[in-house]
Amino acid sequence: MKRLLVVGLSIALVYLVYTGTLSVVEVLIAVGIGLALSRVIGVDLVKDESKLSVRRFFEAVKYALKYFTVIEYLAHYSVVKAILSRDPGLKPAIVEVPYYVNSEIAVVTIANSITNTPGTVVVDVDEKRKKFYVHWIFAEAFEGEEARRGVSAEFEEWAKKIFD
Amino acid sequence: MIDVLLFVLGSSLMVLSAVLSLIGAVGFLRFRNFFLRLHSATVGSIGGGVYGLVGLALLTLSLDVPGYLKYYIFGVAIVSAALVVFASPTGSHILSRAAYRSGEAAPRPLIRDKLKEAGLE
């Protein structure tokens, strides 16, 4: 029930923000479509209903705010500096980064966060051994905890708080 | 007061995103390798795309135009920004994985290749 409502109302919210209207007819259409879609895809989107909580939602909001200000700024700054400087000082390498989260969505969140910051791109993932293979243009370490600290430690901490 | 603030913030974000798009394009020309170019593509898509769209949304809110138009453009910009954030890394993952596995784009120069060492190819 909780899953149906949360997924349905989220879809309705996206619909209303996208159309930019708040008339009664539109709200009814949005909620109707949202609940119908939620009935179909809700089970795939939310595997564990007990994890839906307000605390996790606010953690996600906090993460988004920090990610799009501080983290993206620092990553963009280093890559922009490399692009514009005469001697970019690149050290490109494909490094092995371990991860310790369990849920699929947390793995996707970490991989997307890594790729969305300029300077690191996930090339492959080994789900059995729980390793990302990341193309890092300023490689400081090649494997283990040191590589994890440089690439994904912070994202993983947030992903654990939000999804695991 | 709030209108002025939104206008300044929105237009600054749009100028920033224009500059970052240009720098991303310069990076495309300067980096001579597929994997390095992916990084400057990220500068173009996140810095040049997402920040620009968020800037457009804030800028529209501050303008003196009819409400439905204002909120419509705001909504489209915000939803598009979210879509770029979620979809563009997926594209990068597929491209980099395909380029690496097919061997079409050799990742050179490369100081170490842990993926080759792991033998997952």
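First the proteins, then the strands, lettered A, B, ... as listed; each starts at 1.
- Under a cut-off of 6.0 angstrom, the local environment of NZ in A:Lys81 is sparse, with at most 12 non-hydrogen atoms contributed by other residues, nucleotides or ligands.
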Going through the distances and angles, do B:Arg101 and A:Asp124 end up as a side-chain contact (heavy atoms from CB on, under 4.5 Å)?
-> CA-CA 10 Å; B:Arg101 293 202 165 209; A:Asp124 212 333; 2.7 Å; yes
Could you walk me through whether A:Lys91 and B:Arg112 pass the side-chain contact (heavy atoms from CB on, under 4.5 Å) test, one step at a time?
-> CA-CA 9 Å; A:Lys91 281 196 285 176; B:Arg112 191 158 174 194; over 6 Å; no
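- Here B:Pro89 is the residue among B:Gly27, B:Gly75, B:Ala41, B:Pro89 with the most heavy-atom pairs under 4.5 Å with chain A.
- To the nearest 0.5 angstrom, B:Ser96 atom OG is 14.5 Å from A:Tyr133 atom OH.
- Top candidate by heavy-atom pairs under 4.5 Å with chain B, chosen from A:Val17, A:Val108, A:Thr117, A:Thr21, is A:Val17.
- For a residue to count as touching a neighbouring chain, one of its non-hydrogen atoms must lie under 4.5 Å from one of that chain's; by this rule A:His135 touches chain B with backbone and side chain alike.
- The backbone N or O of A:Ile83 lies less than 3.5 Å from a partner atom in the side chain of B:Arg30, making a donor-acceptor pair.
- With a threshold of 4.5 angstrom between heavy atoms, A:Val122 approaches chain B through its backbone and through its side chain.
- Closest non-hydrogen pair, A:Glu96 versus B:Lys114, comes out as N-CG, 3.8 Å.
- When the shell of 6.0 Å around OH of A:Tyr100 is examined, it contains more than 12 heavy atoms from other residues, nucleotides or ligands.
- The closest side-chain donor-acceptor pair between B:His93 and A:Thr115 falls under 3.5 angstrom.
- Contacts of A:Thr19 with chain B are made by backbone atoms alone, with heavy-atom separations under 4.5 Å and no side-chain atom involved.
- Taking chain A as the reference chain and counting heavy-atom pairs below 4.5 Å, the highest number among B:Leu38, B:Ile23, B:Val54, B:Leu69 is found for B:Ile23.
- For a residue to count as touching a neighbouring chain, one of its non-hydrogen atoms must lie under 4.5 Å from one of that chain's; by this rule A:Leu90 touches chain B with the side chain only.
- Residue A:Glu49 qualifies as enclosed at atom CD: its count of foreign heavy atoms under 6.0 Å is above 12.
- Residue A:Arg56 places its CZ atom among more than 12 non-hydrogen atoms of other residues, nucleotides or ligands, all under 6.0 Å distant.
- The CG atom of B:Leu115 sits 5.5 Å away from atom CD1 of A:Ile94, with the distance rounded to the nearest 0.5 Å.
- In this structure, the portion of B:Leu20 lying under 4.5 Å from any heavy atom of chain A is its side chain and not its backbone.
- Chain B forms the most heavy-atom pairs under 4.5 Å with one residue out of A:Val14, A:Val79, A:Val121, A:Val134, and that residue is A:Val121.
- The CG atom of B:Asp113 lies 11.0 Å from the CZ atom of A:Phe142; values are rounded to the nearest 0.5 Å.
- In terms of hydrophobic clustering, with Ile, Leu, Val, Met, Phe, Trp and Tyr side chains grouped at heavy-atom distances under 4.5 Å, A:Phe57 and B:Ile78 are assigned to different clusters.
- Residue A:Val125 is grouped with residue A:Ile114 when hydrophobic side chains (ILVMFWY) are merged at heavy-atom distances under 4.5 angstrom, including chains of intermediate members.
- Nearest heavy-atom pair, B:Pro109 versus A:Pro92, reported as atom, atom and distance to 0.1 Å: O-CG, 3.2 Å.
- Of the atoms belonging to A:Ser113, not a single heavy atom falls under 4.5 Å from chain B.
- Clustering ILVMFWY residues whenever any of their side-chain heavy atoms sit less than 4.5 angstrom apart, transitively, puts B:Phe74 in the very cluster that holds B:Leu9.
- Following chains of ILVMFWY side-chain contacts shorter than 4.5 Å, one can reach A:Phe155 starting from A:Ile162, so the two form part of one hydrophobic cluster.
- If you measure heavy-atom distances from A:Ala111 to chain B, the contacts under 4.5 Å come from both the backbone and the side chain.
- B:His39 contributes a side-chain N or O that, together with a main-chain N or O of A:Gly119, makes up a donor-acceptor pair within less than 3.5 Å.
- When all heavy atoms of A:Ala93 and B:Leu110 are compared, the closest pair comes out as CA-CD1, 3.6 Å.
- B:Arg97 touches chain A through backbone and side chain together, each having a heavy atom under 4.5 Å away.
- For chain A, the nearby parts of B:Val85 are the backbone and the side chain; heavy atoms of each come within less than 4.5 Å.
- To the nearest 0.5 Å, atoms OG1 (B:Thr42) and CG (A:Asn116) are separated by 7.0 Å.
- Remark: B:Phe7 CZ is loosely packed, at most 12 non-hydrogen atoms of other residues, nucleotides or ligands lying under 6.0 Å away.
- In this structure, A:Glu145 places its CD atom where more than 12 heavy-atom neighbours from other residues, nucleotides or ligands lie under 6.0 Å away.
- In this structure a side-chain-to-backbone donor-acceptor pair under 3.5 Å is missing from B:Tyr71 to A:Leu22.
- Hydrophobic clustering (ILVMFWY, side-chain heavy atoms < 4.5 Å, transitive): A:Val46 and B:Phe86 are in distinct clusters.
- Side-chain contact check for B:Tyr51 versus A:Phe68: some heavy-atom pair is nearer than 4.5 Å.
- In A:Phe138, the CZ atom is crowded: over 12 heavy atoms of neighbouring residues, nucleotides or ligands sit closer than 6.0 Å.
- Going from atom OG1 of B:Thr90 over to atom CG of A:Asn112 covers 5.0 Å, rounded to the nearest 0.5 Å.
- Contact check for A:Val123 versus B:Phe35: side-chain heavy atoms found under the 4.5 Å cut-off.
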